[in-house]
Amino acid sequence: MQIQGIKILIISCFLQLATFSDAENKVICKFDAETGKRSDLKYSELYTDPMSKRKCYRVNGRRYIFSTKIFNVQADKYYIASVWVKSISDSSSYAHLGVEPLDENEELIKYRHVAFVKNSFTELVASCKPFDTIIKIKNGAFWKKSNRCVVAFDAKKDKSDIPNRNVSAPIKNIEKQEKFYEVTLSSPVARVLPSGTKIREHYIGSYHYLIHSSVPVKWTKLQSKPIKGSEFRGGSKAKLLLICNSKDKKKSMLFDDFMLKEMDSSK
């Protein structure tokens, strides 16, 4: 009995600590239908769930919901994104919760701007000009022959150019020649690139998703794991992102308490 009592006490203390810690986390931005306005979140409408009588936001079809507020990101801080969701279709829907990383000028940092293929740093062995779709590179041994990759120009070996927005259209083909590699692009280059221009292969990706999950027909909370600010693709700012009905544009769903919290690092 004494051991069981100790176990109960430990569990009780843990739950109290968890509740206290979450309460101490700082709310960076929050969209709550109880106090929200129709214009707060584009592509969503204020709605009252007829089952629970809960005020919320309704979204029909596949929609990308971005927070209207841009928040600052601190590299040494940890953040948690969360949202309550519910499908109002005949079956479950699907949602992606994440962030849109931005630089200090509030410009989007895409995955292709930062995600590089390992050991792909090399250079052009011949100049190319606008309307050229074939570039000649010194070493393509580690390059991926994939239309999910692009070429990043004006690259630096120490990667200080990242995020690098000077990227090509997707790669269409790579062929090894006798003394170089030919990379065929799906669209022409946009400017003159002299021989010797340093380049790197980058992956094409999507938004920075923190969690994605099915959305059941009852209210369910989606919550990300803590993510460090330094993992926001090097961005100093960001927006919250929720992709509703991401797998089926015929579905409809509800959401509420769409928020981001900064974890209390003093605990």
Side-chain angles (χ1 to χ4, degrees), residues 13-37 40-42 44 56-57 63-85 95-116 118 152 156 158-165 202-213 215 219-244 246 255-267:
C13 291
F14 174 78
L15 291 174
Q16 289 180 25
L17 177 61
T19 303
F20 174 76
S21 297
D22 187 62
E24 290 295 309
N25 290 338
K26 178 183 177 182
V27 176
I28 302 299
C29 64
K30 178 179 179 180
F31 294 88
D32 178 4
E34 291 288 340
T35 57
K37 300 176 182 179
D40 278 350
L41 297 168
K42 192 176 180 181
S44 64
C56 54
Y57 297 94
R63 293 292 186 181
Y64 291 71
I65 311 296
F66 295 97
S67 64
T68 50
K69 179 179 179 180
I70 294 175
F71 55 89
N72 293 321
V73 176
Q74 297 184 55
D76 60 340
K77 298 288 186 180
Y78 284 85
Y79 301 88
I80 297 175
S82 63
V83 63
W84 282 88
V85 293
H96 287 69
L97 176 63
V99 293
E100 183 181 51
L102 308 170
D103 64 15
E104 64 276 8
N105 297 318
E106 300 181 1
E107 292 185 12
L108 175 62
I109 302 174
K110 295 182 178 181
Y111 190 72
R112 69 187 64 184
H113 299 156
V114 298
F116 59 89
K118 188 177 179 180
K156 294 184 179 180
D158 63 2
K159 303 179 182 66
S160 59
D161 58 298
I162 293 177
N164 186 331
R165 293 186 173 84
H202 283 201
Y203 292 105
I204 295 176
S206 53
Y207 293 101
H208 195 2
Y209 303 128
L210 305 180
I211 183 175
H212 55 90
S213 172
V215 176
W219 282 104
T220 304
K221 187 177 183 179
L222 299 184
Q223 180 169 296
S224 72
K225 294 180 180 179
I227 179 173
K228 198 171 184 180
S230 58
E231 297 177 38
F232 281 55
R233 297 181 183 169
S236 59
K237 299 181 180 182
K239 287 184 179 182
L240 265 179
L241 165 66
L242 178 65
I243 306 180
C244 299
S246 52
F255 73 90
D256 195 22
D257 292 343
F258 180 34
M259 70 171 75
L260 183 85
K261 287 186 175 182
E262 179 187 298
M263 294 183 67
D264 182 7
S265 58
S266 65
K267 303 299 177 184

* For A152, does its backbone N or O pair with a side-chain atom of R112 as donor and acceptor, under 3.5 Å? -> no
* To do: Could you check whether the rings of F66 and Y64 sit parallel, tilted or perpendicular, using 30° and 60° as the cut-offs?
  => parallel
* Only one of L241, V73, L210 forms a side chain to side chain contact (heavy atoms under 4.5 Å, CB included) with V99, so which one is it? -> L210
* Asked: At their closest point, which heavy atom of P101 faces which heavy atom of A238, and how far apart are they?
  -> CA-CB, 4.2 Å
* To do: Give, for atom NZ of K42 and atom CD1 of I65, the distance between the pair rounded to the nearest 0.5 Å.
  => 10.0 Å
* If you look at every heavy atom in P163 and V114, which pair is closest and at what distance? -> CB-CG1, 3.7 Å
* Should the heavy atoms of other residues, nucleotides or ligands under 6.0 Å from CZ of F71 be counted, would the total exceed 12? -> yes
* Asked: In Å and rounded to the nearest 0.5 Å, what is the CG to CG distance from D257 to L222?
  -> 12.5 Å
* Structure fact -> Interatomic distance, NZ@K30 vs OG1@T35, rounded to 0.5 Å, equals 7.5 Å
* Do the side chain of D161 and the main chain of K156 share a donor and acceptor less than 3.5 angstrom apart? -> yes
* **Close side-chain approach of V83 to Y57, heavy-atom, < 4.5 Å** => no
* Asked: Taking it one step at a time, do F31 and T68 satisfy side-chain contact (heavy atoms from CB on, under 4.5 Å)?
  -> CA-CA 10 Å; F31 294 88; T68 50; 3.5 Å; yes
* Are F232 and Y79 an aromatic pair by the rule of ring centers under 6.0 Å? -> yes
* Keeping the roles fixed (side chain from H208, backbone from E231), state whether a donor-acceptor pair exists under 3.5 Å. => yes
* To do: Check K237, K110, R233, K239 against E100 for a side chain to side chain contact (heavy atoms under 4.5 Å, CB included) and give me the one that passes.
  => K239
* State, to 0.1 Å, how close K69 and C29 come at their nearest heavy-atom pair, and which atoms those are. => CD-CB, 3.7 Å
* To do: Find the distance between CG (L97) and CG (L242) and round it off to the nearest 0.5 Å.
  => 6.0 Å
* To do: Would you indicate whether the side-chain heavy atoms of N164 and F116 approach each other to under 4.5 Å?
  => no
* Counting only N and O atoms by type, is there a donor-acceptor contact under 3.5 Å from the side chain of N105 to the main-chain atoms of E107? -> no
* Before giving the answer on side-chain contact (heavy atoms from CB on, under 4.5 Å), spell out for S44 and R63 the whole-Å C-alpha distance, their side-chain angles and the decisive distance to 0.1 Å. => CA-CA 8 Å; S44 64; R63 293 292 186 181; over 6 Å; no
* Asked: Between I80 and P226, what is the shortest heavy-atom contact and its length?
  -> CG1-CA, 4.0 Å
* Asked: Distance from H212 atom NE2 to H96 atom NE2, nearest 0.5 Å?
  -> 5.0 Å
* Atom pair CG/CG of N72 and L102 - distance to nearest 0.5 Å -> 10.5 Å
* List the steps and the verdict of side-chain contact (heavy atoms from CB on, under 4.5 Å) for D103 and R165. => CA-CA 12 Å; D103 64 15; R165 293 186 173 84; 3.0 Å; yes
* Side-chain (D256) to main-chain (A33) donor-acceptor, under 3.5 angstrom -> yes
